[in-house]
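As the structure is a prediction and not an experimental result, all values here were calculated from the model. Every heavy atom of this structure was used, including side-chain atoms; hydrogens, water molecules and symmetry mates were not.
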Amino acid sequence: MNQLLFEGRSLVGIVSSVIRQDDRRVSYSRLDWERMYRLADYHKVANIVYLGLLGYRETVPEKWRDRFFKRYQESLQFGENCEESLKEVLTWLNMREVSCTVLTAETVRELYKLPETAENSPVQIFLDEEKYYLAKGYLVDLGYETDETYKGFGERMKKVSAISIILYHKLPFRTSRYGKNMVKILETARIKEPYEYIWMLPTESEFLYRMAGAAYRYTTDELSMREVLELLLCHRAWKDEIDEDMLWKRLEEFKTDQLAEKILEIAYMWFGEKTDTYLMTRADDTRVYDILEERLLTRGLVNREDDEQALKLQSQIAKEIEKEKKAEGQDIQKEKLGKFLAEQKKKLRWVFPDLHYMSSIYPTVEKFPVLLPVFWLIRGSRLLWRSVFH
């Protein structure tokens with residue numbers, strides 16, 4: 001576990017030194033680069049790490065150095081095609097009058113000082129289930145493929161040298177409180193000009209969506225370092241447009257305001273500048289950040305969680321998952337029962353054929369339908385005779 005935390009903290013150190021453009025020292029020679037690559041790739045920061053390795057090439061095996069470089073190249077290609085690929089998709093949806101809401105803007109790329117440190121962060125689009133399959137079909141025609149499936153919610157579509165797109169027909173939050181409050185966020189969307197059917201969340205609502213989502217994914221151990229970094233970038237860029245009192249009030253409705261604030265604070269601790277005033281507001285007890293950091297960097301393998309909001313939300317999500325499993329089990333049983341009954345029905349039809357079939361073998365039945373049971377018996381006796389004596 002200590003090695004996991006060491007590598008996680010080293011990853012934070014490399015990423016923060018590139019983002020801040022400083023000379024934070026990292027013990028490169030002590031790192032297992034296979035694990036470091038996998039960790040960086042999971043947290044979607046491998047392209048940033050490549051820049052951090054420049055000047056330390058001799059300490060990184062060529063195989064893993066090439067892997068980091070590949071991710072760096074992908075981020076460069078993506079930057080060149082991002083805007084056009086998204087415009088193509090949104091224009092098509094608008095032309096076909098497919099009403100949808102863009103939940104996260106691609107403009108977050110513009111918040112990075114070094115454009116090549118940005119990532120192919122997927123644009124999230126929410127639309128109703130009927131339009132969902134129409135939109136997915138169009139993306140497939142464009143060469144997109146399903147990269148990841150979110151069962152019951154949607155999927156991530158990916159294409160080489162194009163922006164990744166997540167299509168949701170249901171927002172990926174299981175608890176009723178989250179579902180209700182996410183609907184409130186959707187209700188604030190506005191038409192994105194020059195389109196007529198494409199809606200966009202205003203800055204304040206998008207940041208609320210990101211903050212609430214980060215708190216939720218922290219409790220499911222799915223929160224990535226990239227997402228934490230982009231919380232900082234968005235907050236730093238948008239704070240003058242955001243009514244912070246209203247933001248925290250809305251997060252109180254999710255019952256994750258304190259947890260979300262801790263995540264934002266650790267984002268500033270990891271990637272912020274010394275001049276960031278937000279760092280001055282952090283809690284005096286640093287233990288709360290240690291617990292948060294350990295869980296985040298180890299994807300829940302080190303879990304000493306004591307935050308009441310996190311524990312309560314985690315429990316609620318677990319209950320919902322259990323309900324889903326139970327319902328899924330019931331559906332499987334219904335399906336098995338349906339198949340069993342269908343098989344029995346087939347057997348009964350074979351033993352007791354309908355009038356049309358029987359009259360083709362025994363013409364008398366057509367004239368005297370009342371004799372159908374008699375001829376069933378005759379047919380059954382003949383079949384039994386054949387099976388026994390032939």
Sidechain N-carboxylate O distance under 4.0 Å for Lys158, Glu145: no

Criterion side-chain hydrogen bond (donor to acceptor under 3.5 Å, both in side chains) on Glu7 and Gln3, from CA distance to verdict: CA-CA 6 Å; Glu7 289 167 350; Gln3 183 65 23; 3.0 Å; yes

Main-chain N/O of Gln258 paired to Gln309 side chain as donor or acceptor, under 3.5 Å: yes

Heavy-atom neighbours of Arg96 CZ exceed 12 at 6.0 Å: yes

His169 and Asp128, any side-chain heavy atoms less than 4.5 Å apart: no

Flag, side chain of Arg299 to backbone of Asp221, donor-acceptor distance under 3.5 Å: no

Enclosure of Lys184 NZ (heavy-atom neighbours >12, cutoff 6.0 Å): yes

Side chains of Arg38 and Glu34 in contact at under 4.5 Å (non-hydrogen atoms): yes

Ring geometry between His235 and Phe207 (parallel below 30°, tilted from 30 to 60°, perpendicular above 60°): tilted

Tyr168/Phe126 under ring pair (Phe, Tyr, Trp, His ring centres under 6.0 Å): CA gap, chis, key distance, verdict: CA-CA 5 Å; Tyr168 286 129; Phe126 176 78; 7.8 Å; no

Side chains of Ile191 and Trp199 in contact at under 4.5 Å (non-hydrogen atoms): yes

Min side-chain heavy-atom separation Arg174-Glu324 under 4.5 Å: yes

Arg250 and Glu253 ion-paired at < 4.0 Å: yes

Evaluation steps, ring pair (Phe, Tyr, Trp, His ring centres under 6.0 Å), between Phe69 and Tyr50: CA-CA 6 Å; Phe69 179 61; Tyr50 173 75; 5.2 Å; yes

4.5 Å side-chain heavy-atom contact, Met358 and Leu372: yes

Min side-chain heavy-atom separation Thr188-Pro202 under 4.5 Å: yes

Gap between atom CG of Leu54 and atom CZ of Phe68 - 0.5 Å precision: 12.0 Å

Expected output: side-chain Ser75 to main-chain Glu119 donor-acceptor under 3.5 Å: no

Distance (rounded to the nearest 0.5 Å) between Leu4 CG and Arg9 CZ: 11.0 Å

Geometric cation-pi criterion Arg177 and Phe254, 6.0 Å radius, 45° cone: no

Backbone of Asp257 reached by a side-chain donor or acceptor of Glu252 within 3.5 Å: no

Residue pair Ile378 / Tyr362, side-chain heavy-atom distance below 4.5 Å: yes

Pair Thr256-Tyr178, side-chain hydrogen bond (donor to acceptor under 3.5 Å, both in side chains): steps then yes or no: CA-CA 10 Å; Thr256 53; Tyr178 254 76; 3.3 Å; yes

Glu155 and Tyr132: CA distance, side-chain angles, deciding distance, side-chain hydrogen bond (donor to acceptor under 3.5 Å, both in side chains) verdict: CA-CA 10 Å; Glu155 59 199 292; Tyr132 170 86; 2.5 Å; yes

Asn94 side chain to Tyr197 backbone, donor-acceptor under 3.5 Å: yes

Check: Leu311 main-chain N/O paired with Ser315 side-chain donor or acceptor under 3.5 Å: no

Salt bridge Glu206-Arg210, side-chain N to carboxylate O under 4.0 Å: yes

Gln73 side, atom CD; Asn47 side, atom CG - distance, nearest 0.5 Å: 11.5 Å

Heavy-atom side-chain contact between Leu111 and Val108 under 4.5 Å: yes

